[in-house]
Number of protein chains: 2
Amino acid sequence: MTSEQSKSDISRARILDAAAKTFRQKGYAATTLIEIARAAGMQAGSLYYHFGSKDELLEEVLDIGMRRVHEAVEESQERLPADSSHRDRIRVAVEAHLATLLKHDDYTSANIRIFGQVPEEVQKHHIRQRDAYAELWRRILTKAQKSGALRRDVDLGLVRMLLMGALNWSVEWYQPGRTSIRTIADHMCLMLFNGIGIEEPARSRENETVA
Amino acid sequence: MTSEQSKSDISRARILDAAAKTFRQKGYAATTLIEIARAAGMQAGSLYYHFGSKDELLEEVLDIGMRRVHEAVEESQERLPADSSHRDRIRVAVEAHLATLLKHDDYTSANIRIFGQVPEEVQKHHIRQRDAYAELWRRILTKAQKSGALRRDVDLGLVRMLLMGALNWSVEWYQPGRTSIRTIADHMCLMLFNGIGIEEPARSRENETVA
DNA sequence: GTCTATACCATGATAGAC
DNA sequence: GTCTATCATGGTATAGAC
């Protein structure tokens, strides 16, 4: 049944892809249905056979994008051996989030990038979904903290925001080929767990260059 | 001479304030001149006495925003005793960046938020300015690293991006009164320098988990 | 300097042919 | 299912009165 693809389904998918890509690039308001239609290989009027309005199209793009990261991070946890360390749990979550965001997923990056500038009405419809994703991260971090893998004297909510910010902002600067997603994740985790400071007097030398 | 304020100057300033605020909230394309004019207490047509076009107005908002953070961070460095530690240098820079961004400065936050979705032509005009700001941070971090305050085996460019991301993203979630800017800066610096991990008995593998 | 009025254009959306 | 044609709206920008 999943392999059953009517012509309608195919067009729908093409439209969504085109919309995600364009929304991501130009933002919501600056994106015209004419552009989306052209990118999808059809005329603007034809979009309305598949979607009731620009906002409906937008909402589906946002929904898909958030669902994808959520699932990716969730699966990253499930795939892990039950006895994994909390650092590893966090590490794979970071990598899953980054990978979804940066590896040709216009849906998730569109969501991250434009959510703040989308009509309020639309935002309201997606708050629950965003909260659910935040809750997933909250759980991961809280468990780590409770079992002694993270310092207790920090505001985990704040840490989560800073962490998400560091990761999400990558959509603004990441360029495929220049740095691997793995390397970004490694640096993020190093900062998160160990920091990159060096104790004042001791000249600790550890000569491994992270490429 | 600075206290010399013609009526024109006052209106100009009011328009810019209104524009920064609205751009920040709604994004560039979704903001209409009608809105800006109303917020500035005049009619849309009147804006053209002060600015040649919507884009010209936008460019000035972007310019002011970037100039303000740049100056704030630069001054944070100059105000510091000459013998300050590199950690302190970085700490005050972080705080200056955050403070400018979050303390009722719609200009800087507008710049941060909408830059990626502004007409290419406009972006081009501001790349040099952004590079200069990035260069300021690059210098601060590099000096710290060279003098042994930061690990040598990290990609400082990557660290800078992650750091800026964590800070910049705060415009998306910060709410005055809930957390102090100082607290955010402290958490950021703790992560950056020490990390928030606690040594776990078993593995001492730092970053690079090569499969 | 700011207003009103309006030209001009682009967009989201609809209707009906094919 | 997609096209063409078209409407209605709302926006940027201009012109001229005050």
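Only heavy atoms go into these numbers, but all of them, side chains included; no hydrogens, no water, no symmetry mates. Just so you know, these numbers come straight off a predicted model, no measurement behind them.
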Problem set entry | Interatomic distance, Arg38(B) CZ vs dT12(D) P [rounded to whole Å] | 12 Å
For this session: Please confirm whether the backbone N or O of Arg89(A) pairs with a side-chain atom of Gln77(A), one donor and one acceptor, at under 3.5 Å?
Result: yes
Problem set entry | Gap between atoms CE and C1', on Met42(B) and dC3(C) respectively (whole Å) | 11 Å
Problem set entry | Side-chain (Ser84(A)) to main-chain (Pro81(A)) donor-acceptor, under 3.5 angstrom | yes
For this session: Round to a whole Å and report the spacing from CD of Gln43(B) to C1' of dG10(D).
Result: 16 Å
Exercise. For the pair made of NZ in Lys54(B) and C1' in dA10(C), what is the distance, rounded to whole Å?
Worked result: 13 Å
Problem set entry | Sidechain-backbone polar pair: Gln129(B) side chain, Asp63(B) backbone, donor-acceptor under 3.5 Å | yes
For this session: Kindly say whether Ser8(B) contributes a backbone atom to a donor-acceptor pair with the side chain of Ser11(B) at under 3.5 angstrom?
Result: no
Problem set entry | Basic-acidic side-chain contact under 4.0 Å: Glu121(A), Lys124(A) | no
Exercise. Rounded to whole angstroms, how far apart are CD1 on Ile15(B) and P on dG1(C)?
Worked result: 11 Å
Exercise. OP1, OP2 of dT14(C) versus side-chain N and O of Tyr48(A): anything below 4.0 Å?
Worked result: no
Exercise. Closest approach of Asn168(A) and His97(A), non-hydrogen atoms and distance?
Worked result: OD1-NE2, 2.8 Å
Seminar exercise, completed: By nearest-nucleotide position on DNA chain C, the 5'-leaning member of Arg14(B) and Asp55(A) is Arg14(B)
Exercise. Is it true that a side-chain atom of Gln43(B) and a backbone atom of Ala37(B) form a donor plus acceptor pair closer than 3.5 Å?
Worked result: no
Under 3.5 Å, which N/O atoms of the protein pair with N/O atoms of nucleotides 16-18 of chain C?
none

Exercise. Could Glu35(B) and Arg38(B) be called an ion pair, given the rule that one side-chain N must be under 4.0 Å from one carboxylate O?
Worked result: no
Exercise. Is the cationic atom of Lys26(B) (NZ for Lys, CZ for Arg) positioned less than 6.0 Å from the six-membered ring centroid of Tyr28(A) and within 45 degrees of its normal?
Worked result: no
For this session: Could you tell me whether the phosphate oxygens of dG1(D), OP1 or OP2, come under 4.0 Å of any side-chain nitrogen or oxygen in Lys7(A)?
Result: no
For this session: Starting from P on dG11(D), measure out to CG on Leu57(B) and report it in whole angstrom.
Result: 16 Å
For this session: Figure out the CG/P separation between Asp9(B) and dT2(C), and round it to whole Å.
Result: 11 Å
For this session: Calculate the interatomic distance between His50(A) atom NE2 and dG1(D) atom P; express it in whole Å.
Result: 7 Å
For this session: Identify, residue by residue, the members of residues 28-35 of chain B with a heavy atom below 4.0 Å from DNA chain D, and return them in order of residue number, or none.
Result: Thr31(B), Thr32(B), Leu33(B), Ile34(B)
For this session: Look at the side-chain N and O atoms of Tyr49(B) and state whether any lies under 4.0 Å from the OP1 or OP2 oxygen of dT2(C).
Result: no
For this session: Would you tell me if any nitrogen or oxygen in the side chain of Ser11(B) comes within less than 4.0 Å of OP1 or OP2 on dG1(C)?
Result: no
Problem set entry | dG12(C) OP1/OP2 closer than 4.0 Å to side-chain N/O of Ser53(A) | no
Exercise. For dG1(C), does either OP1 or OP2 sit under 4.0 Å from a side-chain N or O belonging to Ser46(B)?
Worked result: no
For this session: State plainly whether the residues Asp88(B) and Arg91(B) are in salt-bridge range, i.e. N to O under 4.0 Å.
Result: yes
